[in-house]
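A quick write-up on the structure given underneath.
Given the structure is predicted, the values throughout are model-derived calculations rather than measurements.
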Protein chains: 2
Amino acid sequence: MCARAGRGIQVCVELDQLDRAIIRELVEDARATYAEIGQRVGLSAPAVKRRVDRLQEKGAIKGFTVRVDPAALGWTTEAYVELFCRGKTSPADIATAVARNPEVVSACTITGEADALLHIRATDMRHVEQVIERIAAEEFVVRTKSSIVLSRLVDTPLPTS
Amino acid sequence: MCARAGRGIQVCVELDQLDRAIIRELVEDARATYAEIGQRVGLSAPAVKRRVDRLQEKGAIKGFTVRVDPAALGWTTEAYVELFCRGKTSPADIATAVARNPEVVSACTITGEADALLHIRATDMRHVEQVIERIAAEEFVVRTKSSIVLSRLVDTPLPTS
DNA sequence: GCTGAAAGATCACGCAG
DNA sequence: CTGCGTGATCTTTCAGC
């Protein structure tokens, strides 16, 4: 994933400072015009477009989307669920089981006592309960441990530095 | 946040099916043209734009961004950290402390044994350790419990239903 | 990086439920 | 009275060079 740049400095997929500046701008406002972005980072509009296209081809930019307020769409309740699985459960098993539940917005295998951690968004507490029940019913799940989110303090897709 | 609609049915900030369809399209590709979105949802381009503007004013749409591959930017390591705080620690205290660390991409107070759960993105394991140390050094933090992410299975901003 | 042709955004206006 | 569609105009994109 990471390659060695000309000067011998470790750089990830060859992103220079201009690429990073462009991405910063796009994270802020992905509908800004190329001319506007170019002005901020010191490039012409076509140059910005070429770099954005290249970043998309390289996979650094995976697409453009909209920042939505979950509450406005009715997703007012969220929970984190630790999954304790039996002996030989593969990440793939967990992935397929979890993929059947659209309410699971994030899932990963982790170190520690639990095997996986899920992040669930639901419409209300009853809905959360239903999702947890459905997941707990999977044959490889031994036990679950849930934490309801009381208040969200931070939510950004990436570190802002 | 939620208001009562004409017929007495509970609707969140008055989003109808067309608004939801438009948001679905924008989540998929926020750089799609209004004409293209209009074609998919059965509206003209100006009508789509008007609705998008209105959704932004209402706060349902908070902005447009780019989906970035964290690994491409060097954020290859992630961890979840449970925070155990002393007696009377307010969410605001946690928020301000956590805000000093850009590596914390998500933070919330939760039910259960721990008081808060943080999601950290870092460049490597040493970096994770540094961030945890810095947070653990906060005066109100009694103890932390960390889980390193082994492999990410799911990562979407919102439920896809 | 610049330029020109093609495409999209945006606005005012007229019209329907 | 709110909301959609149409057509004119202005801006942006994008492929030459």
Side-chain angles (χ1 to χ4, degrees), chain A residues 5-7 11 13-74 157, chain B residues 1-69 72-73 157-158:
Chain A
R7 279 272 200 278
V11 177
V13 291
E14 312 285 349
L15 295 194
D16 64 12
Q17 286 315 106
L18 245 38
D19 286 328
R20 284 163 191 278
I22 290 170
I23 288 174
R24 247 195 317 275
E25 294 298 324
L26 285 175
V27 168
E28 283 295 312
D29 178 14
R31 291 215 111 171
T33 66
Y34 291 131
E36 195 177 341
I37 296 168
Q39 198 169 353
R40 288 179 200 273
V41 305
L43 236 51
S44 72
V48 173
K49 185 206 172 335
R50 275 192 286 262
R51 277 176 182 261
V52 171
D53 288 347
R54 222 164 51 93
L55 287 168
Q56 257 179 304
E57 280 167 24
K58 281 197 286 194
I61 292 176
K62 294 194 289 183
F64 298 90
T65 131
V66 71
R67 266 198 309 270
V68 177
D69 177 18
L73 278 153
Chain B
M1 179 62 75
C2 283
R4 194 155 275 276
R7 281 273 201 275
I9 299 159
Q10 188 82 347
V11 177
C12 283
V13 292
E14 312 284 352
L15 294 195
D16 64 11
Q17 285 315 105
L18 245 41
D19 287 328
R20 284 163 191 279
I22 289 170
I23 288 174
R24 250 197 313 276
E25 294 297 325
L26 285 176
V27 168
E28 284 293 313
D29 178 14
R31 289 216 113 173
T33 66
Y34 290 132
E36 194 178 341
I37 296 168
Q39 198 170 355
R40 289 179 199 273
V41 306
L43 236 50
S44 72
V48 173
K49 185 204 173 338
R50 275 191 291 259
R51 278 173 180 262
V52 171
D53 288 346
R54 222 164 51 93
L55 288 168
Q56 259 180 301
E57 280 167 25
K58 281 197 286 192
I61 291 177
K62 294 195 289 183
F64 298 90
T65 61
V66 70
R67 267 198 307 270
V68 177
D69 177 17
L73 278 155
L158 278 183

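- The distance between atom CG of B:Leu43 and atom C1' of C:dA16, rounded to the nearest whole Å, is 14 Å.
- Within the 4.5 Å cutoff, side-chain heavy atoms of B:Asp16 are placed close to those of B:Arg51.
- Considering only side-chain atoms of A:Thr33, the nucleotide from D:dC4, C:dG8, D:dT12 that sits closest is D:dT12.
- The CD-C1' distance, from A:Glu36 to D:dT13, rounds to 15 Å in whole Å.
- In this structure, the helix from C:dG1-D:dC17 to C:dG17-D:dC1 shows an angle of 30° between the axis at its start and the axis at its end, each fitted on 5 base pairs and rounded to 10°.
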**Request:** Could you please spell out the steps behind the side-chain contact (heavy atoms from CB on, under 4.5 Å) verdict for B:Leu55 and A:Val68?
**Result:** CA-CA 10 Å; B:Leu55 288 168; A:Val68 177; over 6 Å; no

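- Atom-to-atom, CG of B:Asp53 to P of D:dT2 comes out at 17 Å; the value is rounded to the nearest Å.
- Checking D:dC4, C:dG8, D:dT13 against the side-chain heavy atoms of B:Arg31 singles out D:dT13 as nearest.
- The salt bridge (Lys or Arg N to Asp or Glu O under 4.0 Å) analysis of residues 24-34 of chain A, with sequence neighbours excluded, yields the pairs A:Glu25-A:Arg40.
- What separates CD of B:Glu57 from P of D:dT2 is a distance of 14 Å, to the nearest Å.
- Checking D:dG5, D:dC4, D:dT13 against every side-chain atom of B:Ser44, the shortest atom distance belongs to D:dG5.
- Counting to the nearest Å, the C1' atom of D:dG3 and the CG atom of B:Leu15 are 16 Å from each other.
- A close approach under 4.0 Å does occur between a side-chain nitrogen or oxygen of B:Lys49 and OP1 or OP2 of C:dT10.
- Put simply, the side chain of A:Leu15 reaches to within 4.5 Å of the side chain of A:Ile23, judged on heavy atoms.
- Between the CZ atom of A:Arg51 and the C1' atom of D:dC14 there is a distance of 18 Å, given to the nearest Å.
- If you measure from atom CG of B:Asp29 to atom C1' of C:dG8, you get 14 Å, rounded to the nearest angstrom.
- Residue B:Arg50 has no polar side-chain atom (N or O) positioned under 4.0 Å from OP1 or OP2 of D:dT2.
- Under the 4.0 Å criterion applied to side-chain N and carboxylate O atoms, B:Lys58 and A:Asp69 are not assigned as salt-bridge partners.
- Summarising the geometry, the separation between OH on A:Tyr34 and P on C:dG1 is reported as 15 Å, rounded to the nearest angstrom.
- Atom-to-atom distance recorded for B:Thr33:OG1 and B:Gln39:CD is 8.5 Å, nearest 0.5 angstrom.
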**Request:** Determine, step by step, whether B:Asp19 and B:Arg54 satisfy the side-chain contact (heavy atoms from CB on, under 4.5 Å) criterion, reporting the C-alpha distance in whole Å, the side-chain angles of both residues, the deciding distance to 0.1 Å, and the verdict.
**Result:** CA-CA 10 Å; B:Asp19 287 328; B:Arg54 222 164 51 93; 3.9 Å; yes

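- Distance from the side chain of A:Pro46 is smallest to D:dC14 among D:dG3, D:dC14, C:dG8.
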